[in-house]
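Report on the structure given below.
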Amino acid sequence: MAGHGTDGHPHGADRLCDAGDRVYSRAVRRGRLPRRDAERVPCLLELALLHPDPDDMDWLVPTAPQEVMTRLLRGMYDEVSASQRRVGSAVTAFEWYAGLGRQVHAPPVAAEGPAIRVLDGLARIQAAMDEATQACTTEVLTVQPGGIRREAELSEGLHRATALRGRGVRMRDLYTHVARHGHGLLSYLELMGDAVEARTLDEVIERLILFDRTVAFIPANSERTMALELRHPGLVEYLGTVFERLWRLALPLTAPLPDTGIEGISHREQSIAALLAEGHQDAVIAERLGISVRTCRAHIARLSETLGAASRTQLGVRIAQTGLDGPRGPSVTLPGRGSPNGR
C-alpha cells in the first residue's frame with residue numbers, strides 16, 4: 001500500500017493525490033462508478049481502493065474506508081521500526097478515512113475483505129495469493145488443468161509451496177492424465193516430498209486454488225489475467241465439495257492408468273472416443289484433455305485405423321459398437337481381429 005509505480009501518481013493510500021481523493025470520495029458516496037471515470041487515476045486501482053464490480057465489469061466499486069484503515073495499520077506495524085516518520089502521516093490518513101466512513105451508511109465489511117473480490121492484473125493476483133499463503137495453516141487444494149505443466153509455471157508458485165511445506169501444511173493437487181508426462185511436475189513433486197499428494201483424471205474443471213477451506217481463487221477471464229477471490233462460506237464449501245468428489249474419482253500419480261480392454265487403443269484414445277461420441281469438436285476435446293489439437297487429431301487417426309473406420313461417421317458407429325462411448329465393460333473383439341491381448 002505504500003508505493004506506486006506511475007510517475008504521475010507517486011504515492012500510497014495514506015496520501016492520495018487530489019484527483020484520487022475526489023474520485024475515491026465520489027465512489028464511496030455513490031457505491032460505485034463507471035470504469036471510465038477512473039481512467040485518469042490509475043493509482044486507485046493499483047492501490048486496490050477501487051476494483052471491478054463482479055456483476056458488471058464496466059463499473060468499479062470502492063474498498064470500504066474501514067478496510068483501507070485496517071490495511072494501513074497492518075502496513076504501519078511492519079514498517080514502524082524502519083520508518084518512524086511515517087507514523088504521523090498515517091494517523092492523519094486514518095482520521096481522514098474515518099471521517100469519510102461516517103458520511104455514508106455502508107454495510108459492515110468483514111475484516112478479511114468482501115465475499116467476492118475481482119483481482120485485475122497478475123501482480124494483484126500474485127499478491128493476494130501470497131497473502132493467503134501466509135495465513136494458511138492446514139491445507140491447500142488445487143486443480144491444475146491444461147496438460148503438461150511448464151517449468152516456468154511450477155517455478156512461479158514454488159516459493160509459496162516451500163513456505164507451506166515448512167509450516168506443515170498439507171497440499172493436494174489434481175491434474176489431467178497428460179500431466180504425468182511432464183518431467184517438471186515429477187521433479188517438483190520429488191522436491192516437495194510428502195507435503196504434496198497428486199492425482200490425475202481424464203479431464204478436470206478450470207483452475208482452482210483453495211486455502212484452509214476459507215478463501216478460494218478461480219479465473220475471471222479466459223486469459224487468466226483476472227481472478228475472483230472468494231470468501232463467501234457457501235461458495236467456498238461448494239468448491240471444496242467439488243474438489244473432494246473429483247479427488248475420489250482420480251488416480252494417484254504413481255498408479256497406472258486403467259486398461260481399455262481393447263488391443264491397440266490407449267486410455268487417452270478411449271477418452272477421446274467418448275468425447276467424440278458426445279459430439280464435441282477436435283479443439284474442444286483437446287482443451288478438455290489438456291493436449292494440443294494436432295495431438296488430438298493424431299489420436300483420432302489412430303482410432304480410425306484401429307477400428308477400421310474410413311470416415312468420421314463410420315468412426316462414430318465403430319465407437320458405439322465397441323462400447324467406447326460409455327463405461328468400459330469386458331474385453332471386445334474388433335472387426336476383422338482376433339481376441340485382444342491385455343495391455
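Numbers for residues simply follow the sequence, beginning at 1.
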Q. Ignoring hydrogens and geometry, is there a side-chain-to-backbone donor-acceptor pair from T322 to I319 under 3.5 Å?
A. yes
**Q.** Over-ring placement of R172 relative to W247, 6.0 Å and 45° cut-offs
**A.** yes
Q: Working to the nearest 0.5 Å, report the span between CG of L158 and CG of L191.
A: 6.0 Å
Q. Can any side-chain N or O of S271 pair as donor or acceptor with the backbone N or O of D202 at less than 3.5 Å?
A. no
Q: Would you kindly say whether H51 and R124 are connected by a side-chain donor-acceptor distance under 3.5 Å?
A: no
Q | Step-by-step side chain to side chain donor-acceptor pair (under 3.5 Å) determination, R160 to Q134 | A | CA-CA 8 Å; R160 284 190 290 269; Q134 293 171 7; over 6 Å; no
Q: Quick one: pull up CZ in F211 and CG in L164 and give me the separation to the nearest 0.5 Å.
A: 6.5 Å
Q.
Using 0.5 Å steps for rounding, measure from the CD1 atom of I291 to the CD1 atom of I285.
A. 8.5 Å
Q: Using modelled atom types only, decide if a donor and an acceptor are shared between the side chain of R302 and the backbone of I265 within a distance under 3.5 Å.
A: no
Q) Can you check whether I272 reaches L289 side chain to side chain, under 4.5 Å on heavy atoms? A) yes
Q. Got a second to check how far T225's OG1 is from I125's CD1, nearest 0.5 Å?
A. 7.0 Å
Q: Flag yes if more than 12 heavy atoms outside E190 fall under 6.0 Å of its CD atom; otherwise flag no.
A: no
Q) Taking only residues two or more places apart in sequence or in another chain, which ones pass side-chain hydrogen bond (donor to acceptor under 3.5 Å, both in side chains) with T162? A) none
Q: Could you tell me whether N221 atom CG has more than 12 heavy atoms of other residues or ligands within 6.0 Å of it?
A: yes
Q) Is the count of non-hydrogen atoms from other residues, nucleotides or ligands lying under 6.0 Å from Q281 atom CD greater than 12? A) no
**Q.** Distance (rounded to the nearest 0.5 Å) between D21 CG and C43 SG
**A.** 10.0 Å
Q.
For R231 and T214, which I'm curious about, is there any donor-acceptor pair between the side chains at under 3.5 Å?
A. no
Q. Between atom CG of L60 and atom CG of D37, what is the distance when rounded to the nearest 0.5 Å?
A. 8.5 Å
